[in-house]
Amino acid sequence: MTEGVKIHQDAATTSVSRSRTSSLEAAETDLVSEEPDQEEEESSSAPEVQHPSTGGAEDSGGGPVAPDGGWGWVVVAATVLVLAMTLAFPSCIGIFYTDLQNDFQASNTETSWVPAIMIAVLHACGREGSLILLIHDALVHNAILTVLPHSPAPQGPLCSVLVECLGCRTTIIIGGILSGLGMAASSFAQTLEELYITAGIITGMGFSLSFQPSITMVGHYFVRRRAFASALSSTGTALGMSILPLLANYLLSSFGWRGSFLVLGGILLNCCVCGAVMRPLGAKPKMDTRTGQTNIHQLKTNCLSIPHEREGLKGRLRATLSTVMSFLSRHMAFDLLYSNPYFCAYALGVSWMMLGFVVPLIYLVPYATAYGMEQDRAALLMAILGLINITVRPAAALVFGLPRFRGSHKFAYLFASAVLINGLSSCICGTAASFPVLLAYVIVFGFSMSLIGSLLFTVLMDTVEMSRFPSALGLISIMQSIMLLIGPPLAGMLVDSTRQYAYVFFACSISGSTAGLFIMLSFYWLDRQKDRELKSSFTYKDTNALKPSIKMTTDCDYSPVPLHSNSVRDMETDV
């Protein structure tokens, strides 16, 4: 009997093991059959983007991650060239200022609109702090990288829409085509109004569409080495400021301003080549068909459930107004102007500073040549300004990124001091127009300009919450764009009325110095108010802690003490 039972149990265990192995084999065959389908879907939806040098880095979830090297260094080199050809390009317009004025027989006010429109469109189509923000995300304010490690550089509405629809590479190529064609078309302009459209609007828009996605690509290709990659790519602007004025001066002496614009248009087309090498790391996330059908169904339901009162003109206006207000609250934080006094003071001070911040870059060469300086030496001053930015700005970013400076709330006073020095330095130009004097001015102006660029958005990060930082940046960008647009024409009107370039630099000195003093005094007063509130709150808590916690009540409830029983009391008396 026992042997039969054992044989029966052995047969049962073997059958169970066979069934388990068969089920495991079936599951494995199902997985093997499903994996090729998944790979085919991924290959069909995502292009081949991994470069052999990147190592095919993938995260634990199977998606591509930043290679932190390899092809990313090619992207950094392309970004350096893009920034040199776009952000630094308005600095060389001053080389052609006098020739444009003489050729079109225009006043300083009319001629100054050409660089003003170019700079304003460059900063308005996209948020102008993209480059500086990315640098300080990595070097100065490292906490941002911890909170938002994969966040791209902030972009303007037009640029963000194109990047979302077409990708960074295509957007950069479109920007290169626009900027190249805009400058090439400017060489055939017969009136200044045509230059406003070609060199101002078209070329400025192309600059904006080129430099912002290139910075975003650097942020996608680097995570661990993002600090070094950002600092390396930021040298492109200073490199362009040191090379483009010399190149523009050579082209002007050889081909005139029309031939120079045509050659510069061909040079700007190289942004397309730089954009072509910026291959995307991964494909766009696939939308589930069921989710898409559900969203479409919900959209149809919402559209059908709209009240009938909105079908009228009043309802449509109300819906349009609500949409506009939601867009403004998301991209431009107008509420911070009255809810955050630090942001209000900073926004007003920076906007007032921008009124005369770029004017010396436009009028320095015309001012020097008007007093008999050679065009070559005047262009050399602009090149020296770019070299100072190359050396000072990365060094300042590295110094401010040291542990002793991290988390410091004194950056606002350092920024205000740099603005004050930058404004006062413009007074040097009013004294004399000789090369040694202008060289001293360029050194002081370049050093303070580098500090301003290194701290501009670091102070903003310390002023507002990071959840409101993009919208605050958008509002400041719009305010700065307005000032950058009206600054050069106002300077031109001053030159036309006084016939003296020196008054322009005196006006820039007043604008910069008063802006620096306003920011410094406003932050000092707000800090004193904040300290007083903290002290008053602490003293209030201390007095409350020292007060006795005894409550005196008029109505006292009397409860008599119960007496012992008579037996116990008698026993005590007997004892």
Side-chain angles (χ1 to χ4, degrees), residues 84 87-99 108 112 115 119 234-253 353 356-396 399 417-454 487-488 491 494-495 498 500-513 516:
L87 288 180
F89 191 87
S91 62
C92 71
I93 295 296
I95 304 295
F96 308 102
Y97 187 89
T98 305
D99 292 85
N108 288 278
S112 61
I119 298 172
S234 67
T235 58
T237 305
L239 183 65
M241 290 180 64
S242 59
I243 293 178
L244 284 179
L246 299 177
L247 177 62
N249 182 59
Y250 172 76
L251 294 176
L252 180 63
S253 60
M353 176 198 71
F357 187 69
V358 300
V359 171
L361 301 178
I362 299 174
Y363 284 94
L364 179 60
V365 175
Y367 172 62
T369 55
Y371 284 90
M373 184 179 295
E374 297 179 358
Q375 185 86 7
D376 298 337
R377 304 191 75 183
L380 182 61
L381 291 173
M382 298 298 298
I384 294 173
L385 181 63
L387 292 175
I388 293 173
N389 277 269
I390 289 177
T391 56
V392 176
R393 185 170 296 197
V399 170
S417 301
V419 174
L420 179 62
I421 294 173
N422 184 269
L424 294 176
S425 65
S426 297
C427 293
I428 302 175
C429 284
T431 58
S434 61
F435 185 81
V437 174
L438 294 183
L439 179 61
Y441 163 71
V442 165
I443 293 174
V444 178
F445 183 85
F447 183 81
S448 58
M449 178 183 179
S450 301
L451 292 180
I452 291 172
S454 300
L494 186 60
V495 174
T498 60
Q500 294 289 332
Y501 283 101
Y503 292 106
V504 172
F505 294 94
F506 287 132
C508 294
S509 178
I510 295 173
S511 174
S513 59

How many angstroms lie between [atom1] in [X] and [atom2] in [Y], if you round to the nearest 0.5 Å?
X    : Y    : atom1 : atom2 : answer
C429 : L364 : SG    : CG    : 6.0 Å
F445 : I452 : CZ    : CD1   : 7.5 Å
L380 : L385 : CG    : CG    : 11.5 Å
L438 : M373 : CG    : CE    : 4.5 Å

Of all heavy-atom pairs between [X] and [Y], which one has the smallest distance, and what is that distance?
X    : Y    : value
L252 : I95  : CD2-O, 3.6 Å
A84  : L244 : O-CD1, 3.2 Å
P488 : S112 : O-OG, 3.3 Å
V444 : S425 : CG1-CB, 3.6 Å
A432 : V437 : O-CG1, 3.7 Å

Less than 4.5 Å apart, side chain to side chain, heavy atoms only: is that true for [X] and [Y]?
X    : Y    : value
N422 : M353 : no
M382 : S91  : yes
I390 : S242 : yes
F447 : L451 : yes
N249 : D376 : yes
I119 : I93  : no

More than 12 heavy atoms from other groups under 6.0 Å of [atom1] on [X]:
X    : atom1 : result
F435 : CZ    : yes
F506 : CZ    : yes
Y501 : OH    : yes
E374 : CD    : no

Please check: side-chain N/O of [X] versus main-chain N/O of [Y], any donor-acceptor pairing under 3.5 Å?
X    : Y    : value
S450 : G446 : yes
S509 : G423 : yes
S511 : A507 : no
Y367 : F505 : no

*List the steps and the verdict of side chain to side chain contact (heavy atoms under 4.5 Å, CB included) for I384 and L439.*
CA-CA 8 Å; I384 294 173; L439 179 61; 3.6 Å; yes
*Go through the structure and list residues passing side-chain hydrogen bond (donor to acceptor under 3.5 Å, both in side chains) with Y363, not counting sequence neighbours.*
Y97
*Could you list the residues that satisfy side chain to side chain contact (heavy atoms under 4.5 Å, CB included) with T369, not counting sequence neighbours?*
T98, V365, Q375, A378
_For C508, give me all partners under side chain to side chain contact (heavy atoms under 4.5 Å, CB included), at least two apart in sequence or on another chain._
V359, P360, S426, V504
